[in-house]
Amino acid sequence: MAAQFNTIAARRILDILDTRTLDEPIIALHGPRSVGKSTLLRMFADARSVDVIELDDPSVRDAVVANSAQAVSGPTPICLDEYQKAPDILDALKARLNREGALAGTAVLTGSTRHDAIPLSAQALTGRLHALTVLPLSQGEIGGSREDLLVELMRDPDRAVSAHPRSTTDRVDYVNRVCAGGFPLALRRTGAARARWFDDYVRLSIQRDAVELARIRQRDLLGVLFERLAGQGAQMYSATAAFAGLEADRKTLDGYVRLLQDLFLIQLLPAWGKTLRSKASKLPKLHVIDSGLAARLLRCSEAKLATLDPTALTEFGNLLETFVVGELRKQVSWLDEPVTLGHWRTNAGPKARDDEVDLVVEYDDGKVLAFEVKASQRVAGSELAGLRKLRDALGHRFVAGVAFSTGERSFTFEDRIHILPIDRLWRSIG
């Protein structure tokens, strides 16, 4: 499967980029390091016979910094790779837009940090820069299929469920996919070589990228915090637990958590639907950006997760949720319409069981898709309580609720609540 991946995948985000350049003056491709942003930019530039200005190269960067106006004076689209290395160049782009007007397709940029995390550039292109997030490869991109689950659920839930009534993916395959993740360079490796790649990825992210962005002084502390947060993956974020025993003040540690988000290493999924119930949780849920990276941080190998050890079963369940939520986020990033993402959880009190929904996707018209992830082959009716409560609270706004499982059957359990094998995420109808 993933271990045999050795070609350049066709990226769905490239189609989105081509379309958005017809409307937007400047587009920034943001995402984790080594996710393929530079490759995307080169493909985009080659199709238009323009050069890429690679700001990760010190000599190129020095030349651009010395004369940024000239650097952005060439034919459009201007393609800048890793623009956060020389953020002042955005002022030169702004000056060109001021002179010539905000013409669509003026520039495409890539960056390995969130745009608003770069102080010098935060205000330079307000209202003129459109951000696209590039995430690790999806399972469909790896395997050569074109995922359509979100689109089909909104269009015709019954057809989306019945299109693939049975799955042939077994638990071992799911374990392998979870541990491989979606980073292109990691997918080209196996075993110890892949583990070394993930270790180097963490080290470089913390020792180079984090230092460049925030000039942090306690790199070792940041690394320890990252591992602790990985241990909270697919769980409610608890700063108290993450910070316990660490020798730094709360303000510093909160800043480190934001830094890990700015570098696209973790993501905090916000609580959704807080007005639906007065006792709904307000805490975010934490996920590492990639399930393979999360598995390595937790030292969870394929062999360990394949066992029936209780600890391994719990870890696999959490990693599987991170994997599925990550795949859904990738499909969301390809949608043309904006959506709101979150998780929903009731706060029933110490003597009652909380109900939850792992991912809620709300469209601008108020319609909602809801998803639960189960690591078991069979889903009991009692495990659908969260989806039921959300359906009943939303009424007609609730389009479909899906409980994913490692089982083989796709079917409708009851009104607007469906059971799907996880691999339906990358098995398209068309």
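Residue pairs satisfying the side chain to side chain donor-acceptor pair (under 3.5 Å) criterion with at least one member in residues 236-250, sequence neighbours excluded, are listed as follows: Asp249-Thr252, Arg250-Asp254. Sorted by first and then second residue, the salt bridge (Lys or Arg N to Asp or Glu O under 4.0 Å) pairs involving residues 317-334 (not counting sequence neighbours) are Lys285-Glu321, Glu327-Lys330. Note on residues 299-340: no pairs pass ring pair (Phe, Tyr, Trp, His ring centres under 6.0 Å), not counting sequence neighbours.
Panel note: side chain Thr19, backbone Asp15; a donor-acceptor pair is recorded below 3.5 Å. Of the possible donor and acceptor atoms, one in the side chain of Ser410 sits under 3.5 Å from a partner among the backbone N and O of His164. Looking at Asp290, its side chain does come within 3.5 Å of a backbone N or O of Leu293 through a donor-acceptor pair. Distance alone, capped at 3.5 Å, places no donor-acceptor pair between the Thr110 side chain and the Ser38 backbone. Judged purely by atom type and a 3.5 angstrom limit, Thr76 has no side-chain atom pairing as donor or acceptor with the backbone of Ile78. Between the side chain of Ser145 and the backbone N or O of Glu147, no donor-acceptor pair lies under 3.5 Å. The backbone N or O of Lys374 sits nowhere less than 3.5 Å from a side-chain atom of Ser405 that would complete a donor-acceptor pair. Of the possible polar contacts, none joining the His418 side chain to the Ala160 backbone as a donor-acceptor pair under 3.5 Å is found. Side-chain atoms of Gln261 do not come within 3.5 Å of backbone N or O of Gln267 as any donor-acceptor pair. Proximity of a side-chain donor or acceptor of Thr106 to a complementary backbone N or O of Ala102 within less than 3.5 Å is not detected.
Note on Arg11 versus Glu141: salt bridge recorded, some NZ/NE/NH1/NH2 to OD/OE distance being below 4.0 Å. With salt bridges taken as basic N to acidic carboxylate O contacts below 4.0 Å, one links Arg194 and Glu302. Under a 4.0 Å N-O distance rule, the pair Lys304/Glu315 qualifies as a salt bridge. With respect to Asp81 and Arg61, no salt bridge is recorded, no charged nitrogen being found less than 4.0 Å from a carboxylate O. We find that Arg424 and Asp148 are joined by a salt bridge, their nearest charged nitrogen and carboxylate oxygen being less than 4.0 Å apart.
Of all the heavy atoms in Val373 and Asp358, the pair that sits closest is N-OD2, 2.8 Å. Closest approach of Gly292 to Phe198, counting heavy atoms only: C-CZ, 3.5 Å. Contact detail for Leu221 and Ala248: the closest heavy-atom pair is CD2-CB, 3.6 Å.
Looking at residues two or more places apart in sequence or on another chain, you find a side chain to side chain contact (heavy atoms under 4.5 Å, CB included) between Ala163 and Ile429. Every residue meeting the side chain to side chain contact (heavy atoms under 4.5 Å, CB included) condition with Arg203, not counting sequence neighbours, appears here in chain and number order: Asp200, Gln207. Under the rule for a side chain to side chain contact (heavy atoms under 4.5 Å, CB included), the partners of Leu204 that lie at least two apart in sequence or sit in another chain are Arg33. Taking Tyr174 as the reference, nothing meets the ring pair (Phe, Tyr, Trp, His ring centres under 6.0 Å) condition, with sequence neighbours excluded. In this view, Phe226 satisfies the ring pair (Phe, Tyr, Trp, His ring centres under 6.0 Å) rule with no residue, not counting sequence neighbours. Shown here are the side chain to side chain contact (heavy atoms under 4.5 Å, CB included) partners of Arg228, two or more places apart in sequence or in another chain: Val224, Ala244, Leu246.
Looking at heavy atoms from C-beta onward, Leu97 lies out of side-chain contact with Leu93 at the 4.5 angstrom threshold. Proximity of Arg427 to Ser167: side-chain heavy atoms (C-beta onward) are separated by under 4.5 Å at one or more points. Using a 4.5 Å cut-off on side-chain heavy atoms (C-beta onward), Ile27 and Thr21 make contact. Annotation: side chain of Glu372 is not in contact with side chain of Phe404 (no heavy-atom distance under 4.5 Å). Residues Asp173 and Arg177 meet the side-chain proximity criterion, which asks for heavy atoms closer than 4.5 Å. With contacts defined as side-chain heavy-atom distances shorter than 4.5 Å, the pair Leu341/Val360 does not qualify. The side-chain heavy atoms of Ile89 and Ser68, taken from C-beta on, include a pair separated by under 4.5 Å. Between Leu109 and Leu90 there is a side-chain heavy-atom pair separated by less than 4.5 Å.
Summarising the local packing, CD of Gln377 is surrounded by 12 or fewer heavy atoms from other residues, nucleotides or ligands at distances under 6.0 Å. Remark: Glu227 CD is packed, more than 12 non-hydrogen atoms of other residues, nucleotides or ligands lying under 6.0 Å away.
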Output side-chain donor-acceptor pairs under 3.5 Å for residues 45-56, partner residues at least two apart or in another chain, one line each.
from  : atom 1 : to    : atom 2 : distance (Å)
Arg48 : NH1    : Phe44 : O      : 3.1
Arg48 : NH2    : Asp18 : OD1    : 3.0

Under 3.5 Å donor-acceptor pairs involving side-chain atoms of residues 127-135, not counting sequence neighbours:
from   : atom 1 : to    : atom 2 : distance (Å)
Arg128 : NH1    : Asn98 : OD1    : 2.8
Arg128 : NH2    : Asn98 : OD1    : 2.9
His130 : NE2    : Arg20 : NH1    : 2.7

I'd like a table of donor-acceptor pairs (distance under 3.5 Å, sequence neighbours excluded) in which one partner is a side-chain atom from residues 361-368, with atom names and distances.
from   : atom 1 : to     : atom 2 : distance (Å)
Glu362 : OE1    : Trp272 : NE1    : 2.8
Glu362 : OE2    : Arg397 : NH2    : 3.0
Asp365 : OD1    : Lys367 : N      : 3.0

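A donor atom on one side chain and an acceptor atom on the other are found under 3.5 Å apart for Glu82 and Ser112. Between Asp57 and Ser59, the side chains place a donor N or O and an acceptor N or O closer than 3.5 Å (distance only, hydrogens not considered). Between Ser138 and Gln331, the side chains place no donor N or O within less than 3.5 Å of an acceptor N or O (distance only, hydrogens not considered).
Atoms CG and OH, from Leu265 and Tyr201 in turn, are 5.5 Å apart once rounded to the nearest 0.5 Å.
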**Report entry** Thr113 vs Asp262, side chain to side chain donor-acceptor pair (under 3.5 Å): CA-CA, chis, key distance, verdict
**Finding:** CA-CA 5 Å; Thr113 58; Asp262 290 339; over 6 Å; no
**Report entry** Residue pair Asn318, Gln235: steps toward the side-chain contact (heavy atoms from CB on, under 4.5 Å) verdict
**Finding:** CA-CA 8 Å; Asn318 291 337; Gln235 301 173 54; 3.6 Å; yes
**Report entry** Stepwise side-chain contact (heavy atoms from CB on, under 4.5 Å) test for Leu369 and Phe371
**Finding:** CA-CA 7 Å; Leu369 297 175; Phe371 301 93; 3.8 Å; yes
Query - Residue pair Ile422, Leu320: steps toward the side-chain contact (heavy atoms from CB on, under 4.5 Å) verdict - result: CA-CA 10 Å; Ile422 291 168; Leu320 188 65; 3.5 Å; yes
Query raised in the report: side-chain contact (heavy atoms from CB on, under 4.5 Å) between Val257 and Leu260: does it pass, once the steps are laid out?
Result: CA-CA 5 Å; Val257 172; Leu260 292 170; 5.5 Å; no
